[in-house]
Amino acid sequence: MKIIKQVILISFAMPGFSGFAFSQNIPDLTDGFVRVDIAGSGGFDGLTSYIEPAQLTPKAQEIVANLPGRQLGFDYLRQNEKPKQEGEVYVVTSGACNYRSATLIQPDSSAFFLTQTPEMVTFTREEAGIRHIFMDGRQHPSPGNWTPNGTGHSIGWYEEGELIVETIGLTPGGVTAGGYRTPETVLVERFSLSEDGEMLTINYTWTDPEIYLQPHNYDIYYERLPADFGYAYEIWCDAGDPNSGTSIFIPEQL
């Protein structure tokens with residue numbers, strides 16, 4: 001069973017690394033995690049039922065009220081209905097390619113994986129996408145030197161046994177429990193482990209005086225994956241896919 005380490009367990013001796021160790025101040029987050037239904041909803045739509053609604057400015061209320069409904073498109077229909085020949089690969093489509101990056105900010109029910117080095121924490125998913133959290137002391141780029149995107153620009157540091165991450169430069173869009181974000185919105189996440197190391201809590205705080213009357217704050221809970229967990233499949237964006245831009249190539253089942 002993994003816990004927040006009280007003594008030095010691991011150090012890297014790789015070119016460019018100044019030495020990195022898990023300690024009382026640096027939690028061991030290098031592992032896989034999956035979201036937990038603490039609300040007892042039994043379905044994805046009810047996972048956030050315990051979160052207080054965002055307190056929005058009148059301007060933001062109008063924006064949120066006019067947001068188009070999200071089209072999931074997760075029908076997983078094969079592109080061709082005719083039977084495939086033996087050895088011929090099925091191509092399955094799911095969702096909108098650009099939507100996937102948002103789940104690197106707040107993961108859905110797919111597993112995600114954290115990897116720590118002295119300079120960077122990487123955040124990857126069982127499906128598509130990777131998020132980089134810079135730990136090397138750099139600052140955020142100025143607005144003119146950054147193009148907003150689905151994962152923004154993230155910098156991080158460790159504080160009293162937690163990983164703290166600050167993100168700016170996100171594309172406009174909805175936020176859990178009726179919130180909204182713009183490139184100027186600041187997101188602060190706090191990654192903390194339970195005493196036995198098996199439960200990860202990520203606290204989200206969205207701050208933007210143009211959007212929120214007060215910072216929008218809530219927790220999402222994840223459990224550590226079993227040691228023998230493996231990827232079920234990979235998804236990647238295929239710009240040549242005319243249907244949705246996302247394809248799943250079903251791997252050989254061993």
Side-chain angles (χ1 to χ4, degrees), residues 4 27 29 32-65 67 69-70 72 99-114 121 123 125 129 131 133 148-195 197-225:
I4 299 177
L29 300 172
F33 298 88
V34 67
R35 191 168 176 171
V36 180
D37 181 12
I38 68 162
S41 62
F44 190 76
D45 290 342
L47 282 174
T48 58
S49 59
Y50 62 93
I51 297 175
E52 293 292 330
Q55 301 299 307
L56 303 177
T57 63
K59 172 184 174 181
Q61 290 179 30
E62 183 176 354
I63 293 173
V64 171
L67 285 177
R70 192 179 72 189
L72 295 177
Y99 166 72
R100 287 295 179 183
S101 61
T103 53
L104 290 165
I105 293 294
Q106 183 175 297
D108 58 15
S109 55
S110 296
F112 66 93
F113 299 81
L114 298 172
V121 173
F123 193 123
R125 298 184 65 240
R131 178 184 176 195
I133 300 169
N149 58 59
T151 56
H153 185 274
S154 298
I155 59 175
W157 62 92
Y158 296 105
E159 184 178 300
E160 298 182 357
E162 295 182 327
L163 168 64
I164 315 298
V165 180
E166 182 182 87
T167 301
I168 65 167
L170 290 158
T171 47
V175 169
T176 290
Y180 191 72
R181 71 187 195 204
T182 72
E184 291 71 43
T185 303
V186 177
L187 169 63
V188 174
E189 299 156 278
R190 304 183 74 96
F191 294 68
S192 59
L193 285 173
S194 60
E195 289 188 7
E198 296 303 307
M199 185 73 71
L200 172 67
T201 300
I202 305 181
N203 175 265
Y204 298 82
T205 302
W206 300 86
T207 303
D208 188 334
E210 295 293 319
I211 302 298
Y212 299 105
L213 296 175
Q214 61 186 34
H216 183 36
N217 181 273
Y218 54 88
D219 293 332
I220 302 290
Y221 304 91
Y222 309 86
E223 61 184 357
R224 195 183 290 270
L225 292 172

Practice problem: Measure across P27 and G161 and return the closest heavy-atom pair with its distance rounded to 0.1 Å. | Solution: CG-O, 3.4 Å
Practice problem: Measure the shortest side-chain to side-chain distance between E162 and S192 over non-hydrogen atoms and say whether it is less than 4.5 angstrom. | Solution: yes
Quiz prompt | Side chain to side chain, I168 and T185, heavy atoms closer than 4.5 Å | solution = no
Quiz prompt | I220 side, atom CD1; I38 side, atom CD1 - distance, nearest 0.5 Å | solution = 7.5 Å
Practice problem: Determine whether E166 and V186 make a side-chain contact, defined as any pair of heavy atoms from C-beta on separated by less than 4.5 Å. | Solution: yes
Quiz item: Taking the side chain from R35 and the backbone from P107, do they hold a donor-acceptor pair closer than 3.5 Å?
Solution: yes
Quiz item: If you take all heavy atoms of E52 and A177, which pair is closest and at what distance?
Solution: O-CB, 3.8 Å
Quiz item: Between NE2 of H153 and CD1 of I133, what distance do you get to the nearest 0.5 Å?
Solution: 11.5 Å
Quiz item: In chain order, what residues pass the side chain to side chain contact (heavy atoms under 4.5 Å, CB included) check against E159, with sequence neighbours excluded?
Solution: W157, I164, R190
Quiz item: Nearest heavy-atom pair of L225 and A111: which atoms, and what distance?
Solution: CD1-CB, 3.8 Å
Quiz item: R224 side chain to G32 main-chain N or O, any donor-acceptor pair under 3.5 Å?
Solution: no
Self-check item: For E184, side chain to side chain donor-acceptor pair (under 3.5 Å) partners two or more places apart
Solution: T182
Practice problem: State, yes or no, whether a side-chain contact exists between L213 and T57 at a heavy-atom distance under 4.5 Å. | Solution: yes
Quiz item: Partners of T176 by side chain to side chain donor-acceptor pair (under 3.5 Å), sequence neighbours excluded?
Solution: Q106
Quiz prompt | Counterpart residues, side chain to side chain contact (heavy atoms under 4.5 Å, CB included), relative to N217 (two or more places apart) | solution = N203, T205
Exercise. Determine whether W206 and R181 make a side-chain contact, defined as any pair of heavy atoms from C-beta on separated by less than 4.5 Å.
Key: yes
Practice problem: Kindly write out the residues that satisfy ring pair (Phe, Tyr, Trp, His ring centres under 6.0 Å) with F112, not counting sequence neighbours, or none if the list is empty. | Solution: F33, F123, Y222
Self-check item: Salt bridge present between E189 and R131 (N-O < 4.0 angstrom)
Solution: yes
Practice problem: Measure the shortest side-chain to side-chain distance between L163 and L29 over non-hydrogen atoms and say whether it is less than 4.5 angstrom. | Solution: yes
Exercise. With sequence neighbours excluded, tell me which residues meet side chain to side chain contact (heavy atoms under 4.5 Å, CB included) with P209.
Key: none
Self-check item: Nearest atoms (heavy-atom pairs only) where S154 meets V165
Solution: CB-CG1, 3.8 Å
Practice problem: Report yes or no: does Y50 contribute a side-chain atom to a donor-acceptor pair with the main-chain N or O of D219 at less than 3.5 Å? | Solution: yes
Quiz item: R125 side chain to L104 main-chain N or O, any donor-acceptor pair under 3.5 Å?
Solution: no
Exercise. Any chance you could measure T207, atom OG1, to L187, atom CG, to the nearest 0.5 Å?
Key: 8.5 Å
Quiz prompt | Note, V175 side chain near Y212 side chain (heavy atom, < 4.5 Å) | solution = yes
Quiz item: Do any N or O atoms from the side chain of S194 and from the backbone of M199 form a donor-acceptor pair under 3.5 angstrom?
Solution: yes
Self-check item: Nearest-0.5 Å distance, OH of residue Y221 to OG1 of residue T201
Solution: 5.5 Å
